[in-house]
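To start, the structure itself, in structure tokens.
Nothing fancy with the numbering, it's 1 onward along the sequence.
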Amino acid sequence: MSKRGCIIFNPAARGERAKVLQSHVSGLKENWELMRTTGPNAARALACEAVQSGYETVFAAGGDGTVNEVLNGIGDASQGFERTRLGVLPFGTVNVFAREIGVPMRLDRALRLLTEHREITIDLPSMKFQGETAGERFFIQMAGAGWDARAVELADWNLKKRIGQFAYVVSGLKALREPRTSFQLTIESRCLTAQLVLVGNGRFYGGQIPIFSKANQQDGLLDVCVFPRINWFVLARYVLGFLHPKLMSRGSESYLQTRGFTLASDSRTPVELDGEYAGCLPAECRIRPKALRILTPLTI
């Protein structure tokens with residue numbers, strides 16, 4: 001017999017969010033179990049445990065990194081994506097996926113998802129790594145290889161807590177000062193050289209920057225932006241996008257839609273998934289059409 005659901009959260013979440021969450025849940029008629037993380041990758045293990053325990057819904061109360069951990073934890077369990085659906089409560093700095101599916105950023109409104117929601121199915125992309133970081137990792141919103149992922153590696157956690165998503169602008173500047181290497185993307189019969197590749201399963205990147213303007217989470221396609229060169233002009237466009245989505249403009253990047261592609265490099269090239277470092281090239285990206293059950297607000 002399945003159980004209603006659980007909420008995986010960090011009890012040391014910024015501000016009073018953890019206390020508000022616990023207070024709200026204790027006042028609900030429905031029984032929601034609170035599962036507390038204890039450190040890195042704890043959310044992944046807890047999510048796998050939740051599926052194996054029979055929970056039909058698992059909420060990730062955190063940022064995009066926590067959502068990614070919970071997503072992969074569900075995937076770790078046997079038939080996890082068939083057995084369990086995913087919900088999101090935005091506790092993080094940027095909360096790109098929550099913004100994508102219309103979850104309110106105000107916690108009191110977001111908490112209504114525990115009682116007011118509907119289920120939809122969306123596509124589920126993954127990155128299969130080879131070499132030292134071998135293994136498959138799922139992502140829900142976005143991925144990046146090259147400069148973007150190096151900026152994620154260099155991001156300062158304390159600075160991120162103080163200035164939010166603009167910490168990535170700072171780390172992007174640091175990454176831009178380093179020597180930039182090129183790598184190869186093979187998509188169908190085409191081979192492209194890039195210093196940055198961004199992959200979207202939704203429209204938004206880095207907040208509400210609509211980089212993937214054609215993206216649809218239910219079309220079975222990955223949206224891919226290929227940047228042949230990275231320079232100060234590209235960073236400036238990103239900064240403008242952070243300030244306001246309408247200030248974002250297109251440059252020399254190619255925009256492609258595909259069901260899969262491969263990435264290869266002769267030098268160390270990092271990859272990020274949902275804003276967290278995940279491994280290094282080579283890797284293969286694929287998508288499973290409508291394989292993930294999620295909860296969205298009734299108004300979406």
Notebook entry, point to check: In Å and rounded to the nearest 0.5 Å, what is the CZ to CZ distance from Arg288 to Arg286?
Noted result: 12.0 Å
Note to self: Donor-acceptor check, side chain of Gln218 to backbone of Thr121, threshold 3.5 angstrom: yes or no?
What the structure shows: yes
Notebook entry, point to check: Looking at Ile8, Ile7, Val103, Thr66, which one forms a side-chain contact (heavy atoms from CB on, under 4.5 Å) with Leu89?
Noted result: Ile7
Check: Out of curiosity, does Val67 fall in the hydrophobic cluster containing Phe91 (side-chain heavy atoms, cut-off under 4.5 Å, transitive links)?
Finding: yes
Margin query: Run the side chain to side chain contact (heavy atoms under 4.5 Å, CB included) test on Leu256 and Arg190 for me, step by step, so that the C-alpha distance in whole Å, both residues' side-chain angles and the decisive distance to 0.1 Å come before the verdict.
Written below: CA-CA 11 Å; Leu256 308 167; Arg190 300 176 63 184; 3.4 Å; yes
Notebook entry, point to check: Counting only N and O atoms by type, is there a donor-acceptor contact under 3.5 Å from the side chain of Asp123 to the main-chain atoms of Lys290?
Noted result: yes
Margin query: Nearest 0.5 angstrom please: Leu292 CG to Ile294 CD1, how far?
Written below: 6.5 Å
Next item on the list: Please check if Val25 and Leu86 belong to a single hydrophobic cluster, counting links between Ile, Leu, Val, Met, Phe, Trp and Tyr side chain heavy atoms closer than 4.5 Å.
Entry: yes
Notebook entry, point to check: Quick one: does Ser126's side chain get under 4.5 Å of Glu284's, heavy atoms only?
Noted result: no
Item checked: Single-linkage hydrophobic cluster, 4.5 Å side-chain cutoff, Val197 and Leu281 together -> yes
Checklist line | Verdict with supporting geometry, Ile101 and Ile122, side chain to side chain contact (heavy atoms under 4.5 Å, CB included) | finding: CA-CA 11 Å; Ile101 63 171; Ile122 65 171; 5.7 Å; no
Notebook entry, point to check: From Leu222 CG over to Phe212 CZ, what is the distance, rounded to the nearest 0.5 angstrom?
Noted result: 10.0 Å
Check: Taking His24 for the side chain and Val20 for the main chain, is one N or O donor matched with an acceptor at less than 3.5 Å?
Finding: no
Check: About how many Å separate CG of Leu111 and CD of Glu116, when rounded to the nearest 0.5 Å?
Finding: 11.5 Å
Check: Applying the side chain to side chain donor-acceptor pair (under 3.5 Å) test to Asn68, which of Arg137, Gln141, Glu272 qualifies?
Finding: Arg137
Checklist line | Leu263-Leu196 co-clustered via ILVMFWY side chain contacts under 4.5 Å | finding: no
Notebook entry, point to check: Between Tyr205, Phe227, Tyr168, which is the residue that forms a side-chain contact (heavy atoms from CB on, under 4.5 Å) with Asp148?
Noted result: Tyr205
Checklist line | Main-chain N/O of Val51 paired to Arg83 side chain as donor or acceptor, under 3.5 Å | finding: yes
Notebook entry, point to check: Out of curiosity, Asn231 CG to Arg180 CZ, how far, rounded to the nearest 0.5 Å?
Noted result: 7.5 Å
Next item on the list: Any ring-ring contact (aromatic ring centres under 6.0 Å, His included) involving residues 58-88? Give me the pairs, sequence neighbours left out, ordered by first then second residue.
Entry: Trp32-Phe59, Phe81-Phe138
Note to self: Donor-acceptor pair, distance only, cut-off 3.5 Å: does the side chain of Asp64 make one with the backbone of Phe97?
What the structure shows: yes
Check: Are Leu113 and Met35 co-members of a hydrophobic cluster defined by side-chain heavy atoms under 4.5 Å apart?
Finding: yes
Check: Taking 4.0 angstrom as the limit, do Glu153 and Arg268 come out as a salt bridge?
Finding: yes
Item checked: Value rounded to 0.5 Å, distance of OG in Ser213 from CG in Asp223 -> 7.5 Å
Check: Taking the side chain from Asn95 and the backbone from Ala98, do they hold a donor-acceptor pair closer than 3.5 Å?
Finding: no
Note to self: For the CG atom on Asp266, are there more than 12 heavy atoms of other groups (residues, nucleotides or ligands in this structure) within a distance under 6.0 Å?
What the structure shows: no
Notebook entry, point to check: Backbone N or O of Val94 within a donor-acceptor pair of the Arg99 side chain at under 3.5 Å?
Noted result: yes
Margin query: Which heavy atom of Thr84 sits nearest to which heavy atom of Tyr55, and what is that distance?
Written below: OG1-O, 3.1 Å
Checklist line | Worked verdict on Glu253 versus Tyr255 for side chain to side chain contact (heavy atoms under 4.5 Å, CB included) | finding: CA-CA 7 Å; Glu253 65 270 22; Tyr255 192 110; over 6 Å; no
Note to self: Evaluate Tyr277 against Cys280 for side chain to side chain contact (heavy atoms under 4.5 Å, CB included), listing each step before the verdict.
What the structure shows: CA-CA 9 Å; Tyr277 170 76; Cys280 289; 3.4 Å; yes
Notebook entry, point to check: Considering all heavy atoms of both residues, which atom of Val226 and which atom of Ala194 are nearest to each other, and what is their separation?
Noted result: CG1-CB, 3.6 Å
Note to self: Quick check: closest heavy atoms across Pro90 and Ala110, and the distance to 0.1 Å?
What the structure shows: CD-CB, 3.7 Å
Next item on the list: Taking the side chain as every heavy atom from C-beta outward, state whether Arg36 and Phe9 have any atom pair closer than 4.5 Å.
Entry: yes
Check: Which atom pair, heavy atoms only, marks the closest approach of Cys285 to Val199?
Finding: SG-CG1, 4.4 Å
Check: So, does Arg293 use its side chain to make a donor-acceptor pair with the main chain of Glu82 at under 3.5 Å?
Finding: yes
Item checked: N-O pairing of Glu276 and Arg44 below 4.0 Å -> no
Next item on the list: Search all heavy atoms of Asn10 against all heavy atoms of Ala18 and return the closest pair with its distance.
Entry: O-CB, 3.9 Å
Check: Judged by atom type as modelled, is there a donor-acceptor pair below 3.5 Å linking the side chain of Glu100 to the main-chain atoms of Val96?
Finding: no
Notebook entry, point to check: Nearest heavy-atom pair of Gln217 and Gly202: which atoms, and what distance?
Noted result: CG-CA, 4.0 Å
Item checked: Asp274 side chain vs Gly65 backbone, donor-acceptor pair below 3.5 Å -> no
